[in-house]
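These numbers come from the heavy atoms of this one structure, side chains and all, not from hydrogens, waters or symmetry mates. In what follows, every chain begins at residue 1, and chains take the letters A, B, ... in the order their sequences are listed.
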There are 2 protein chains.
Amino acid sequence: MIENAIFKALADPTRCAIFEKLATGSMNASALREGMTISQPAMSQHLSVLKSAKLVREERQGRFVNYEVDPEGLALIAGWLAKYRAYWPARIDALKALLKEMDQ
Amino acid sequence: MIENAIFKALADPTRCAIFEKLATGSMNASALREGMTISQPAMSQHLSVLKSAKLVREERQGRFVNYEVDPEGLALIAGWLAKYRAYWPARIDALKALLKEMDQ
DNA sequence: ACGACACATAAGCATACACTTATCTGATTC
DNA sequence: GAATCAGATAAGTGTATGCTTATGTGTCGT
C-alpha cells in the first residue's frame, strides 16, 4: 500500500506546500525554506517523508542536495484514481480540465 | 484547501479500505462493517470524515443510511493532479493505463 | 587540517487522531 | 407507546505525528 504513504505525506499542509513549491522548479532545502517560517530540521524531516512517498527525489550536488518532483508518486496517484473511473461524472469541471490537458 | 482534507481522509488505511469497499457498490454502514473488525462507532466516525472530504455521500432510506462514492472528491483529486501534468513522464505504466481508460 | 556551511539525525514534547465503551436520536414494528 | 434496531455523538485513552533544540555527518574553501 504505497498509495497510503503518499496520501499520508500529502495530508500535512506544510508538506503539501513544500511539494507545490518544488513543482515550480527543483531547488535545495535552503532555497525551499526561503519565505516559509520553518526550521531547518523540520524541512529536512518533511523532505524525508515526501521522498519515501516517492513524491520527491534528491540529487546530491556537492555540498548541496537538489530536490525535485518525482513523477512516480504522481503516477501512483493517477493509477489509484483510474480504479474509480466508473464514478467520474461526465461534467465535473476539474475533470474536464484534466481531460483537456491530457488530450493535447 | 479541500484537497488537504481529502488526502487526510485517505491517509488512514481503514478509511481507504472503506472507500474501496464502497466503490464496489453503495451500501449502508452495517453492510460495510461486515467482514471488517471494526466497531460501529468507529465506522460511523470514518464515514463522517470521508463525507466531509467529499469522498462519500449519504442518502437516508428510512431507518438505514445508504452510503455511496461521491464523485466530487475524485474530481478534486483529478484537478489537483492536473496541476502537475508537466511532471508526468510519457511512459509510466500507471499513467498509460489511465490515459487509455480515459481515451475511450 | 581547520572552519564554515548544507543537511541529517537524536531526543523530547505537545497536539492530533483513531480507537474504545457508554449513551443518545430517530425511525420501524408490534 | 414500548421495544427494537440503525446510526450518531460524547468522553476518555494510547499512540502517532510534527515541532523544537542539540548534535552529528559530509563537503567545500582556505
Pair A/Arg57 + A/Glu72: basic N to acidic O under 4.0 Å: no
B/His46 side-chain proximity, nearest of D/dG18, C/dC19, C/dA8: C/dC19
Sugar-phosphate only, base, or nothing, as touched by A/Lys8 at under 4.0 Å among non-hydrogen atoms: sugar-phosphate
Interatomic distance where CD belongs to B/Glu34 and P belongs to D/dG7 [whole Å]: 11 Å
Pairwise 5' ranking along DNA chain D for B/Ala31 and A/Gly62, keeping only the more 5' one: B/Ala31
Touch class at under 4.0 angstrom, heavy-atom based, for B/Arg15 against every strand present: sugar-phosphate
Atom-to-atom span, CZ of A/Phe64 to P of D/dC28 - whole angstrom: 10 Å
Nearest-Å distance for atom pair CD/C1', residues A/Gln45 and D/dG24: 14 Å
Side chain of A/Ser39 - closest among C/dC7, D/dA6, D/dT20: D/dT20
Interatomic distance, A/Glu59 CD vs C/dC7 C1' [rounded to whole Å]: 16 Å
Atom pair distance, as rounded to whole Å: CZ in A/Arg63 and C1' in C/dG3: 11 Å
B/Thr14 side chain near C/dA18 phosphate (N/O to OP1/OP2, under 4.0 Å): no
Length of the line joining A/Gln40:CD and D/dG24:P, which is rounded to integer Å: 15 Å
Check: B/Asn28 main-chain N/O paired with B/Arg33 side-chain donor or acceptor under 3.5 Å: no
Non-hydrogen side-chain atoms of B/Ile6 and B/Trp80 separated by less than 4.5 Å: no
C/dA6 OP1/OP2 closer than 4.0 Å to side-chain N/O of A/Tyr67: no
Side chain of B/Asp12 - closest among C/dA18, C/dC7, C/dA10: C/dA18
Touch class at under 4.0 angstrom, heavy-atom based, for B/Ser30 against every strand present: sugar-phosphate
Check: A/Leu47 main-chain N/O paired with A/Tyr67 side-chain donor or acceptor under 3.5 Å: no
Shortest side-chain distance from A/Pro41, nucleotide among C/dC7, D/dT9, D/dA22: D/dA22
Atom-pair distance (CG on B/Leu50; P on D/dA8), nearest Å: 12 Å
Spacing of B/Met43 atom CE relative to C/dC19 atom C1', expressed in whole Å: 14 Å
Distance in Å, A/Asp70 CG paired with A/Leu50 CG, rounded so as to fall on 0.5 Å steps: 10.5 Å
